Number of protein chains: 2
Amino acid sequence: MKLSKKSEYGLRALLELTLFYGKATLQRHQIAERQHIPVEFLEQILLALKRAGLLSSRRGMKGGYALIKPPGEITLGQVIRILDGPLAPIGCVSKTAYQKCADCPYAEHAQCPVQHVMGTVRDAIAGILDHYTLDDFACGHHKG
Amino acid sequence: MKLSKKSEYGLRALLELTLFYGKATLQRHQIAERQHIPVEFLEQILLALKRAGLLSSRRGMKGGYALIKPPGEITLGQVIRILDGPLAPIGCVSKTAYQKCADCPYAEHAQCPVQHVMGTVRDAIAGILDHYTLDDFACGHHKG
DNA sequence: GCAATGCCGAGTGAGTTAATCAAGTATCAA
DNA sequence: TTGATACTTGATTAACTCACTCGGCATTGC
């Protein structure tokens with residue numbers, strides 16, 4: 001039930017990029033300084049977000065990173081899935097990356113008590129994170 | 001955001017013990033067989049649950065484990081905290097094991113956006129797991 | 001005493017996390 | 001064209017965690 005440093009840093013980096021959305025690009029070291037993140041680690045995080053289509057980047061002098069989509073269209077759920085993988089506490093209840101349990105003594109679906117509770121937990125987590133956008137995030141509160 | 005095998009096995013073991021609550025004790029190998037759990041691993045799980053005051057045990061021939069408290073008074077939240085640690089996705093929003101973030105650039109409490117969202121996630125998870133008892137678990141559905 | 005069972009501590013191999021490093025390639029300015 | 005700056009890529013690492021595994025000890029019942 002834990003959020004990795006990678007996701008935490010990723011969210012904090014996106015927060016900075018949200019504040020400058022439409023205004024300027026930010027360089028790795030600027031983001032790193034403002035958010036106290038090791039630069040080289042931040043680099044691979046930004047890169048992953050870029051590959052996932054969330055960021056654009058420019059090389060060379062005056063280079064930097066910027067959000068591609070408006071912050072209101074990016075959810076924390078998306079970001080965490082990119083950096084940490086599925087939100088579900090257990091593979092057999094993931095909607096974006098379902099995986100059958102190897103040795104569960106219960107028949108498929110619905111009869112397994114673990115699967116049942118964890119399904120509701122997954123829905124609760126996704127219900128929050130998939131409706132919480134970078135805009136909400138930057139304001140510090142959900143539009144609810 | 002993941003449930004460990006340890007917790008999963010722990011919950012499945014407690015499920016068996018719930019079914020036999022007030023009727024009989026169960027030995028490690030019985031639980032292990034019924035739930036397809038490696039015996040030696042199960043052992044340390046049962047031991048942890050015993051140390052936490054959830055189980056009683058008897059050694060020697062005719063030994064075994066049993067629930068101490070009625071299954072309606074044990075919540076999945078308790079169990080998972082014993083085996084996996086705090087439910088909160090990040091230390092600074094845990095209510096049972098709060099830990100200040102080392103290098104968060106935001107002042108204490110309430111101003112950190114990460115802390116804010118993750119707080120609501122924590123509450124959602126705890127809201128489910130701290131009200132879901134072993135009884136509910138054995139029935140496969142919450143009384144809610 | 002002896003076998004069955006739980007108790008306990010240490011160890012282990014695979015994998016993950018959180019970085020770090022080194023060698024590129026693109027961009028701009030002088 | 002040259003050099004400085006900054007993103008890109010891939011490899012490497014140390015520390016840690018996960019999921020077991022093992023060996024020996026303590027207790028109980030026959």
Side-chain angles (χ1 to χ4, degrees), chain A residues 1-13 17 24-33 35-52 54-68 80 82-86 89-91 101-104, chain B residues 1-13 17 24-33 35-68 80 82-86 89-91 101-103:
Chain A
M1 314 300 235
K2 202 148 144 277
L3 188 77
S4 70
K5 279 289 178 195
K6 196 168 178 180
S7 279
E8 190 201 321
Y9 291 162
L11 291 176
R12 300 223 305 252
L17 289 165
T25 62
L26 288 176
Q27 299 182 338
R28 346 173 269 179
H29 74 267
Q30 295 179 297
I31 300 174
E33 273 166 32
Q35 291 284 339
H36 303 152
I37 304 172
V39 218
E40 299 88 352
F41 192 26
L42 176 61
E43 190 175 81
Q44 44 179 267
I45 294 169
L46 292 172
L47 218 36
L49 294 174
K50 189 200 163 167
R51 287 202 201 96
L54 267 56
L55 304 180
S56 64
S57 63
R58 269 179 80 87
R59 302 209 238 196
M61 286 179 72
K62 311 224 165 159
Y65 297 88
L67 281 181
I68 283 184
I80 295 175
I82 292 165
L83 298 173
D84 263 11
I90 195 168
C101 322
D103 55 2
C104 185
Chain B
M1 315 300 236
K2 203 148 144 275
L3 188 78
S4 70
K5 279 289 178 195
K6 197 168 178 178
S7 280
E8 190 200 321
Y9 291 162
L11 292 176
R12 299 224 306 252
L17 289 165
T25 63
L26 287 176
Q27 299 181 338
R28 342 174 272 179
H29 75 265
Q30 294 179 298
I31 300 174
E33 272 165 33
Q35 290 286 338
H36 302 152
I37 304 172
V39 217
E40 299 89 353
F41 191 26
L42 175 61
E43 188 177 81
Q44 43 178 268
I45 293 169
L46 293 171
L47 216 37
L49 294 174
K50 189 203 161 164
R51 289 203 197 96
L54 266 57
L55 304 181
S56 64
S57 64
R58 271 179 80 87
R59 300 209 240 195
M61 284 179 74
K62 312 226 166 153
Y65 298 87
L67 281 181
I68 284 184
I80 294 175
I82 292 164
L83 298 173
D84 262 10
I90 195 169
C101 322
D103 55 1

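Quantities reported herein were computed from a predicted structural model and do not represent experimental measurements. The basis for the numbers below is simple: all heavy atoms, side chains too, and nothing from hydrogens, waters or symmetry mates. Just so we're on the same page: letters track the sequence lines, and every chain starts at 1.
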Which atoms form the tightest heavy-atom contact between B:K62 and B:R58, and what is the distance?
O-NE, 4.3 Å
Give one of base, sugar-phosphate or nothing for A:E40, where a contact means two heavy atoms less than 4.0 Å apart.
base
Mapping B:M61 and A:R59 to their closest nucleotides on DNA chain D, which lands nearer the 5' end?
A:R59
Rounded distance in Å - NZ (B:K5) to P (D:dC20)
7 Å
Once you round it to whole Å, what is the distance between P of C:dG6 and CD1 of B:I31?
8 Å
Whole angstrom is fine here: how far is it from CZ in B:F41 over to P in C:dC7?
17 Å
Given DNA chain D, 5'-ward residue of the pair A:G60 and A:R51, judged by closest heavy atom:
A:G60
Measure the distance from OH on B:Y9 to P on D:dT21 and round it to the nearest whole Å.
9 Å
Counting only heavy atoms not in A:K5, do more than 12 sit closer than 6.0 Å to its NZ atom?
yes
For A:Q44 and B:K50, find the nucleotide of DNA chain C closest to each by heavy atoms; which residue's nucleotide sits nearer the 5' end?
B:K50
Do B:L47 and B:R51 have side chains that approach each other closer than 4.5 Å (heavy atoms only, starting at C-beta)?
yes
Roughly how many Å is it from CD1 in A:I45 to C1' in C:dA18, rounded to a whole number?
9 Å
Rounded to whole Å, how long is the line connecting atom NZ of A:K2 with atom P of D:dC18?
8 Å
From B:T25, B:L67, B:I68, residue fulfilling side-chain contact (heavy atoms from CB on, under 4.5 Å) relative to B:S56:
B:I68
Any B:S57 side-chain nitrogen or oxygen under 4.0 Å from OP1 or OP2 of C:dC7
yes
For A:L3 and for B:L47, locate the closest nucleotide of DNA chain C by heavy-atom distance; then report the residue assigned to the nucleotide nearer the 5' terminus.
B:L47
Nucleotide C:dT17, atom C1' - distance to CG of A:L42 in whole Å
16 Å
Report the distance from atom CG of A:L26 to atom CG of A:L55, rounding to the nearest 0.5 Å.
10.5 Å
Atom CZ of B:R58 to atom P of C:dT5: distance rounded to whole Å?
13 Å
